[in-house]
Amino acid sequence: MGATSEQSTMQAIVWPMYGSPDVLRLEDVPKPRPVDDQVLVRVIAASVNRADLDYLRGWPLFGRLFTGLRRPRSGRLGLDVAGRVEATGPKATSFQVGDEVYGNMTTYGFGAFAEYVCAPERAFGLKPSAMAMETAATIPEAAIVAIQGLRLRRGRTPKSGDRVLVNGASGSVGPWAVQIAKALGAEVTGVTRTEKLEFVRSIGADHVVDYTAAQFPPSTHRYDWILDIAGKDSIRDWRRALTPRGVYVVVGGTVPRMLQALVMGPLISRSAEQTMAIMTWWRPFRREDVAALEQLVAEGKIAPAIDRRYALRDVPDALRYVDSGHAKGKVVITM
């Protein structure tokens, strides 16, 4: 049974050290009390992201400058949260008790894998009344990454008729990217492994590519926009797959490939009309992007692809499933 407002403890996934999901434990911990402009939210749904696994392992190593050098500073894990406001601090003015909210805990100490989270009110937004809690819990990290990866700093996005390729179309971010690109009027190609081809078609991709069976990156097709979520292949190979004024944006992948994009991308962009970049402009839960996603959801143009649901006690299993690469879309934690 979940904690009530009178109880002083709650259940939470505790993250005592860097490592595999085996290091995580479900424990009774003190229930936080909101101070200043904080709000206390009873978690109804959360979701798992690939970033959770990176934080869990302390990878890449330079990331520990922000999460803790020897051990996790926060001791809690989980980014995406949707729930109901249970209490507010004396300086909080944006929400009232009972409001349904959702948000991203990346810059607020994590902690979504718990019965309650407590963070400054700016961490949350009001959930549209017609939006299901599970839907809201899948948006704050993955959908925001997708919509921002399909827009450059100066506002350029794929336009109607553009050919867009999403590499890594079947995981957490990819299905959102496929649907957002389709909503923009693009012709979308999704790249995934053999057993996920039909899934990627089902979420709206016009074409699918099995990276295990075809030459990859492609040498015979050209794309106006490439969103690379997998980030395993050379930027030189991707450049050959772009149109003369095409855009390549990498949002995830191996450290060598990310560094290559960070160094070579600006050089290529200055010497040609092509744009190649690592997405350094990511802003978690940016309000304008949240509003755009809410509208697309309300219009039925995008929807979360939810693969599996796990209970709070089974968060380690949920992380193992995402880490296996078999997940088709989002994995949700329900309370």
Side-chain angles (χ1 to χ4, degrees), residues 13 21 43-56 77-83 102-106 110 112-113 117 125 127-128 131-150 166-183 188 190-193 195-205 227 229-230 251-252 282 284-285 289-290 292-294 296-298 300-312 314-335:
I13 292 294
V43 180
I44 296 176
S47 74
V48 178
N49 294 280
R50 176 65 59 174
D52 292 311
L53 286 158
D54 293 339
Y55 290 127
L56 172 62
L77 199 63
L79 309 180
D80 292 338
V81 62
Y102 66 125
N104 186 325
M105 298 293 104
T106 299
F110 311 136
F113 300 150
V117 294
K127 182 188 73 65
M131 182 184 289
M133 282 287 184
E134 287 189 358
T135 297
T138 65
I139 288 175
E141 175 75 6
I144 292 292
V145 170
I147 198 170
Q148 292 180 3
L150 291 169
V166 178
N167 182 33
S170 57
S172 181
V173 175
W176 286 117
V178 168
Q179 295 177 82
I180 293 167
K182 285 295 296 180
V188 181
V191 181
T192 187
R193 62 173 70 178
E195 66 269 23
K196 297 184 179 182
L197 294 175
E198 289 306 315
F199 165 69
V200 175
R201 286 193 184 96
S202 73
I203 58 175
L227 183 62
I229 301 162
V251 301
W282 172 69
F285 215 57
D289 295 325
V290 172
L293 292 166
E294 289 176 349
L296 289 171
V297 170
K301 294 180 178 179
I302 64 173
I306 297 176
D307 185 351
R308 292 187 180 181
R309 296 165 176 83
Y310 289 82
L312 180 60
D314 297 321
V315 162
D317 289 335
L319 287 161
R320 292 186 191 99
Y321 180 59
V322 171
D323 195 33
S324 74
H326 295 303
K328 299 175 182 178
K330 293 293 294 182
V331 170
V332 171
I333 308 301
T334 58
M335 305 299 168

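Remember, predicted model here, so these are calculated numbers, not experimental data. Numbers for residues simply follow the sequence, beginning at 1.
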Any residue meeting side-chain hydrogen bond (donor to acceptor under 3.5 Å, both in side chains) with [X], in chain and number order, not counting sequence neighbours:
X      : value
Glu141 : Asn104
Arg320 : Asp22, Asp317
Thr138 : none

Of the non-hydrogen atoms in [X] and [Y], which two are nearest, and what is the gap between them?
X      : Y      : value
Gln179 : Ile302 : OE1-CA, 3.4 Å
Gly125 : Phe285 : N-CE2, 3.7 Å
Trp176 : Pro304 : CH2-N, 3.5 Å
Ala305 : Pro175 : CB-CB, 4.3 Å
Asp52  : Ser47  : OD2-O, 3.9 Å
Ile203 : Ala169 : CD1-O, 4.0 Å

- Inspect the contact between Glu195 and Arg193 and indicate whether a charged nitrogen and a carboxylate oxygen are less than 4.0 angstrom apart.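 Yes, this pair counts.
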- Query: Using 4.0 Å as the upper bound for N to carboxylate O, is an ion pair formed by Glu134 and Arg309?
  - Reply: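 Yes, charged N to carboxylate O under 4.0 Å.
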- Starting from the C-alpha separation in whole Å, work towards a yes-or-no answer on side chain to side chain contact (heavy atoms under 4.5 Å, CB included) for Ile229 and Asn167. CA-CA 6 Å; Ile229 301 162; Asn167 182 33; over 6 Å; no
Check: [Y] and [X] side chains under 4.5 Å, non-hydrogen atoms:
X      : Y      : value
Trp282 : Ile144 : yes
Leu77  : Leu56  : yes
Met335 : Val43  : yes
Val251 : Leu227 : yes

- Message: Using the rule side-chain contact (heavy atoms from CB on, under 4.5 Å), only one of Asp307, Asn49, Val173, Ile139 pairs with Lys330; which is it?
- Response: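 Exactly one option meets the side-chain contact (heavy atoms from CB on, under 4.5 Å) with Lys330, and it is Asn49.
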- Message: Tell me whether the rings of Tyr55 and Phe110 are parallel (<30°), tilted (30 to 60°) or perpendicular (>60°).
- Response: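 Tyr55 and Phe110: tilted rings.
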- Item | Lys127 side-chain N/O to Met131 backbone N/O, donor-acceptor pair under 3.5 Å |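 At least one qualifying donor-acceptor pair exists.
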- Message: Tell me if a side-chain donor or acceptor on Arg50 pairs with a main-chain N or O of Val322 at a distance below 3.5 Å.
- Response: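 The answer is yes, because a donor-acceptor pair under 3.5 Å joins these two groups.
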To the nearest 0.5 Å, what is the distance between [atom1] on [X] and [atom2] on [Y]?
X      : Y      : atom1 : atom2 : answer
Leu293 : Asp289 : CG    : CG    : 6.5 Å
Asp80  : Ser172 : CG    : OG    : 7.5 Å
Ile333 : Leu312 : CD1   : CG    : 7.5 Å
Phe113 : Asp314 : CZ    : CG    : 12.5 Å
Tyr321 : Tyr310 : OH    : OH    : 6.5 Å
Ile180 : Leu150 : CD1   : CG    : 6.5 Å

